[in-house]
Amino acid sequence: MTVQLDTPIDPVEDRKPTRSRRRIPETAVLAAVLLALAIFFSTQSQFYLTPNNLLNILVSASVIGIIAAPGTLLLVAGQFDLSVGSGAAFIGVVMAWGTAQWGIPTGVVLAIVAGLLIGLVNGVAVTVLGINALITTLAMLAILRGLGQVLAGGQTLLLPGFNDLGNARPFFNVPIPVLVFAAVVIITALVMKFTVFGRSMYAIGANPIAARLAGIRTKTAIFGGFLLSGAAVVIGGLILVSQLGAASPNAASGLELSVVTAVILGGASLAGGRGTIVGTLLGVLILGTLNNGLTLMNINSFWQDVARGVLLLAAVGFDQLRLRLTGDK
Amino acid sequence: MTVQLDTPIDPVEDRKPTRSRRRIPETAVLAAVLLALAIFFSTQSQFYLTPNNLLNILVSASVIGIIAAPGTLLLVAGQFDLSVGSGAAFIGVVMAWGTAQWGIPTGVVLAIVAGLLIGLVNGVAVTVLGINALITTLAMLAILRGLGQVLAGGQTLLLPGFNDLGNARPFFNVPIPVLVFAAVVIITALVMKFTVFGRSMYAIGANPIAARLAGIRTKTAIFGGFLLSGAAVVIGGLILVSQLGAASPNAASGLELSVVTAVILGGASLAGGRGTIVGTLLGVLILGTLNNGLTLMNINSFWQDVARGVLLLAAVGFDQLRLRLTGDK
Amino acid sequence: MSQLTLALRDISKSFGGVEVLHKVNLDALGGEVLALLGENGAGKSTLVKILAGDYVPDGGEVIVDDVSAPSLNPRTARKLGIRMIHQEFQDAGALTVAENISLGRWPTTGGIVSWRNLKRRAVDVLTQLGVDIDPGALVSSLRVGERQVVEIARALADDAKLLILDEPTAALSQQEVDRLFEWVRRLRDRGVCVVYITHRLDEVFELADRVQVLRNGNVALTAPTSDVTRRQLVEAMVGRDIGEVSRPVGAGAGAHGEPMITIDNLHVDNQVAGLSLTVRKGEVVCLYGKLGSGTTQVAEVCFGIRKPTGGTLDIAGTAGFPSAPTAAIRRGVGYLPPDRKREGAFMSRSVVENLSVASWGKLAVGGLFITSGMEKTAYARWSSKLGIKSADPANQQIAQLSGGNQQKVMLARWLERSSNPLVLVEPTRGVDVGARQEIYSAIRALAAEGHAVLVVTSDYEEAVQLSDRVVVMQRGQQVAELDGNDVTAQNLTIAAGG
Amino acid sequence: TTSGTGDTGGEAAGDGAGLKIGYISLGDSIPFVKLVSDNIKLEVEASGAEFFFCDSQLDAAKALACAQTFKTQGVDGIINFQVDEKAAASICAAGPDVPVVAVDIHQLPCEKVFVGADNKTAGQIAGEALGNYFKDNFNCEYDAFVSMEQPAAGQVNLDRTGGAVDGFESVCGAIPADKKRSVDGGGTIDGGLTSFGDTLTALTGATRIAVVSLNDDMLLGSFAAADAQGRSDQVYGVAQGADPSSFDNIQNDPNWVGDTAYFPEHYGELAVPSIIALIKGESVPANVFTKHVFINADNFSEYYG
Ligand SMILES: Nc1ncnc2c1ncn2[C@@H]1O[C@H](COP(=O)(O)OP(=O)(O)OP(=O)(O)O)[C@@H](O)[C@H]1O
Ligand SMILES: Nc1ncnc2c1ncn2[C@@H]1O[C@H](COP(=O)(O)OP(=O)(O)OP(=O)(O)O)[C@@H](O)[C@H]1O
Ligand SMILES: [Mg+2]
Ligand SMILES: [Mg+2]
């Protein structure tokens, strides 16, 4: 039972008084990294700091961000959902396919049902059947990719007349995806901090046995987490399909890895019990800024891969440095 | 500290007595799953059970299997290496590029150096800098993919005259990759079971803090794990490039996920401390058989994805069933 | 407040075909403290886990208020007002002290978790327990004793009707024990039923109204405390007579060998201020002090886990602080950590592996190759000496041993390595009376063979029964050094500040 | 090298001075695309224009972000080589209101000029050539017909491999369902190796196997698989692209029947003058096709000397 995944090989670290740790919170370091990146890119490209570009970053980050919110909740409880990428594509295909037959409202209803079904199946497999979340959701990833292809006949399906969700700018010229992103982040942050459900997820992640013995309905809570992830996939999938006006069963490939990267970059621990939405938000924005900034700098896409990797390492390494400096090692 | 990742939301599992568990070992169930798949596929295709096809399965599985061996060792210690896929492609490119300039021997030397460097960098980042293994190796994945592309100029490089490693059949008509696969599996199994290093990896995974206090050089051991992973990537990458007679920087994409799936399917725990090479071997063979059998059945590739996912779930679900039946739940 | 009556009837429970409880009865009545005693592995924890709905019994009945409750689980048990402090901590290290205290029953207003109330509740209960623990600190940053206090605080912060305490005092200082007892008595007087498991017999007479002894999964004795003597209890537990509390034969006598640990003017942050101490070959020195007095830090410095801020250390003639555990081990030091679960045991690994892990390098052929046969040999060397009970040591996970047996394996780990000097922190934590004597004799025997042993303990009787010499610490200061006949329970408690 | 492309006779170097030209790549990790990208970059820079690059990595959503970025950067014209024809409308709407040259994949409604291959036609040429080979040598008798595909490439996949099937059928007649296999090789050389290797097993006993492939990499992988099973003389294939990695096989391997060349390394010479002309408001033809030439051992030196 005394196991941790990504842990301190060095026990001394754990004895550091919490106080000194909290003096520079993890999120402050991430914010500093984000700021440093922003300053760097603004010296490299005159366009980086324009309001339009910053909005672009937010828009591009919104689908990842929306899905990363319940992703954080799940990881905090020691669970994963790797089916989100193919899930979002599948939702899009269901929406376009349903719309083609019965119109937009039915399409949306079908998409919602599909998303909740995904959450349900993942949840049942993990909590009722007791199958490892990684295997469950990797299997689901393959299944949904395949089903999406089958439903779409391997083609991209057009979805006309459903552009507003992805493109309308109802307030202050801010596009709906960004507003939804903000809303999801705020709601999830509140849920995680101020609800029994949210706190239960932390407790489950920190020690599933203790949580169960404390009378927490661990299975129900985790089930809820997968359902929320399914719900976020619906929102993300619909935004994506609305932005593109078309649904491709190949869309959003690799999204699951971006989500996991953002969440972990944001300070959540694979071993559960640690992580915040603010951290994840910063993680999402750092990744978004990296992609955008490197493109603005006109860098060859191969070198972009290299730069992305190096900067990711640097960001986390910087955080480790903070731990050493503030810790009394 | 009392945390487990993919574990028992239901602690009852932990209480199940060892004895009755061992009556049906995990690996026996996996072997049964493999057998069931084999029987199923042999009823579906007359070619499945032919010696040639079985060899095919082994050959196709060999690169994954060779890399999954140290992958098991790492996971048992609670660590990951997700850079193996792009690593293998990169090794191939280095080999082809080096060979084009200075001939095969130099190419091989360069490939070996590159692989050990990969292991070294991963190891340093994880043990010295203390960066989470998942982030480190995800970053490395991007870096190596990018560097491979740069080195190959985005093209597939031909590698003539280096076919033997991948294709020669020195004994009993068995191709070298299968022999290497067998050797790596046997050696790793022995290392894990009968060496202080192997045992240390289990101990580190089970409780990193206790391991350190028991005098195990945890960092050195984990470092060694990453180096071995780098070495396996060299072998896998060279076999791949030899089989193909060409090196593509895009090769082996997704290999890391296949490896993780096989290892976890084989019974290793993401939380470390549990897992065997025999289990991993069965996991690799189950995945290989699935791919091969579904192709033999001439199933549409979309439905293949679906079937792969469903069968993966079924295999793990079956194992859970065993736990319930034998456990005194 | 309504009282709760729980009864267990003919309870049996098996693990892997081995029955560990045989038709056991137990009555828990409101307004009474029931002490549950027994040797390590007798089945005490298993029995109370059934009471708390954690384990499902294989046979028998759980009767709640005269009604059979067939499906008791942690949740329903909780609803009934059953609270349990587990022998193996079940806390959430990644969360704060305050949250651990309210784990599973966060104070809410209108469905919203109130962090203010959460904190207030924590501050309240911690002050009442008289401990200085920051409610905002992460539990993983606490020392083992502090974690024990948090576990207790969790159970006390709640209005329990049945409170089960499984060896709650194993890691506590006398002062904390006193406060705990005060609280327990108050709860009892309010009608709460308390089931109390301990290996400390004086606690039984201090606290319990009734006592029940388990031996090998059977009830060996049930009686009002006033009707039994210590001797009867011990006999019921162990099945034989055990000698009186006494100073070890030959303690402090004669000249000892050369110094193996020499600490001079040690400072560690603000936790240890100017400690000096020498442990020689053939000598057992106890470093005695209450929780938080700095004794553990001294041990950690000797083992290279903690960096000192001043002073010198000499180990076996080589000066210098070890930089890491590996360095300390190379210099011969063996270290038994205070927190078995976190720092000692590999819970998912086998018993023999846990025992031999520190000696792999020694046991292995060429320092590299090892078989489980070699590990079994190592196990065999210690199992009978220390009385380790394991059904299948080569395959059984150590998690499946009783707490006391786990502790013996931890100790054997360093005995097997024949480390010299040995630094043992709370070596008999959770060990039963009989086995404790076995461990003491084993340690004395090692000393007689020329080992130097430093025992860090918060148990004055341990100091009395084990040491040649005792150094007493209080609030980081060295306050007394006692030897010979001056080592008495009374002198020790006075020196340590009550 | 000899140009296999029509000379558009358009703008000369230097004409792009002061212009900003954005280019959305389909995914530089694909060898074919990389050649296109390199040539476009070369030509843009040679023209004196400023080059803005954005890689959409086979993902329409990323292409959308590219278009938005180009809007921010104020490009004067876009060369768009983005994966999904059906997402084009949204991408057009997200980008700046500037002329667009589509490469290989239509980008309606904002596409002013289409440059490059007609994937379907190119596929047909390859399929037809393979059909002719079978007709000439085996009287159109074959044991199996395998199409090596990459469903993840969407429409491009359907057009290229669909065209190849059509082309083959136009010579040898409809392919019976029990002889036909569509195999997902993931578009990569190792994907081709594994999936074709398994397919070969399923085709035990077949000695004349026709293979059409979406690209060179998967056919390279397929041939390697056949080699490994000692069946390289039973497999006859055509691919599309004529990437440098296929040159050796085209010239020396009799079973590698040939390749439809797209001359990706000349795409820039067509696309860049078009976009510059469009930006300057000059009129240009709506379609600038590359020649689709079937390259085999006989005519190889004519095109790649
Ligand atoms: N999960 C388990 N699996 C197998 N055996 C177990 C398990 N838990 C306990 N046992 C066995 O049941 C017996 C009783 O254990 P229990 O923990 O109840 O003892 P205890 O009386 O609490 O001892 P201690 O004083 O050492 O805490 C022991 O032999 C132990 O090895
Ligand atoms: N009646 C007795 N017969 C035999 N031995 C006894 C008796 N009473 C006490 N002892 C011995 O004295 C030791 C201390 O007894 P005591 O009851 O004080 O233990 P304790 O309070 O549980 O120990 P501690 O408080 O030090 O943990 C026991 O370990 C036991 O060996
Ligand atoms: Mg117990
Ligand atoms: Mg006592």
Side-chain angles (χ1 to χ4, degrees), chain B residues 1-4 7-23 25 76-78 190-221 224 267-269 271-275 326-329, chain C residues 14-18 49 54-56 58 74 88-94 139-140 303 305 324-326 328-330 334-335 337 339-350 353-354 356-361 363-365 367-372 375 391-392 395-397 399-400 413 417:
Chain B
M1 289 306 96
T2 52
V3 190
Q4 248 189 331
T7 12
I9 295 153
D10 186 349
V12 172
E13 205 211 344
D14 292 294
R15 273 184 237 125
K16 263 170 243 143
T18 353
R19 291 249 191 81
S20 71
R21 254 197 210 181
R22 274 192 291 122
R23 242 173 262 147
V76 150
L190 294 176
V191 165
M192 290 183 73
K193 183 111 187 155
F194 294 114
T195 69
V196 172
F197 168 64
R199 296 299 191 81
S200 300
M201 296 298 266
Y202 279 106
I204 292 167
N207 187 346
I209 297 175
R212 184 166 174 271
L213 294 187
I216 293 172
R217 292 182 187 279
T218 53
K219 291 186 179 187
T220 314
S269 153
R274 282 193 322 139
T326 59
D328 47 352
K329 213 171 195 171
Chain C
S14 303
F15 291 113
V18 180
K49 281 181 187 170
D54 190 6
Y55 284 175
V56 181
D58 297 333
E88 300 302 332
F89 296 156
Q90 289 301 350
D91 56 11
V139 162
S140 61
F303 199 59
I305 306 173
T326 41
I329 291 169
R330 220 180 309 123
Y335 173 78
D339 188 345
R340 179 172 66 236
K341 190 169 169 188
R342 204 170 87 89
E343 302 172 309
F346 304 98
M347 288 297 185
S348 58
R349 308 300 301 169
S350 74
E353 211 172 328
N354 267 282
S356 57
V357 57
S359 313
W360 279 342
L363 293 168
V365 178
L368 292 174
F369 303 102
I370 190 153
T371 64
S372 65
E375 293 181 328
D392 183 6
N395 296 296
Q396 195 172 26
Q397 295 182 355
Q400 294 169 351
R413 180 184 291 173
R417 200 175 200 284

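Hydrogens, waters and symmetry mates are skipped; everything else that's a heavy atom, side chains included, is used. Below, read A as the first sequence line, B as the second, and so on, with proteins coming before strands; counting in each chain starts at 1.
For Leu190(B), no part lies near chain C; criterion is any non-hydrogen pair under 4.5 Å. Only the side chain of Arg330(C) comes within less than 4.5 Å of a heavy atom of chain B; its backbone N, CA, C and O stay farther away. Looking at Ile370(C), both its backbone and its side chain come within 4.5 Å of chain B, counting heavy atoms on both sides. In this structure, chain B has no heavy atom under 4.5 Å from any part of Ser359(C).
Using modelled atom types, no side-chain atom of Asn207(B) and backbone atom of Phe346(C) make a donor-acceptor pair closer than 3.5 Å.
The choice from Val139(C), Asn354(C), Thr326(C) that makes the most heavy-atom pairs within less than 4.5 Å of chain B is Thr326(C).
Ser372(C) and Arg199(B) make their closest contact through N-NH2, 3.8 Å (heavy atoms, listed as atom of the first residue, atom of the second, distance). Taking each heavy atom of Ser200(B) and Trp360(C) in turn, the nearest pair found is N-CZ3, 3.5 Å. Residues Gly344(C) and Ala210(B) approach most closely at O-CB, 3.4 Å, considering heavy atoms. In terms of heavy-atom proximity, Ala214(B) sits nearest to Arg413(C) at CB-NH1, 4.1 Å. Contact detail for Arg349(C) and Gly273(B): the closest heavy-atom pair is NH1-O, 2.8 Å. Heavy atoms only, all atoms of each residue included: Ile305(C) and Leu213(B) are closest at CD1-CD2, 3.4 Å.
With sequence neighbours excluded, the residues that form a side chain to side chain contact (heavy atoms under 4.5 Å, CB included) with Phe197(B) are Leu73(B), Val191(B), Thr195(B), Met201(B), Ala221(B), Leu228(B). For Arg217(B), there are no side chain to side chain donor-acceptor pair (under 3.5 Å) partners, not counting sequence neighbours.
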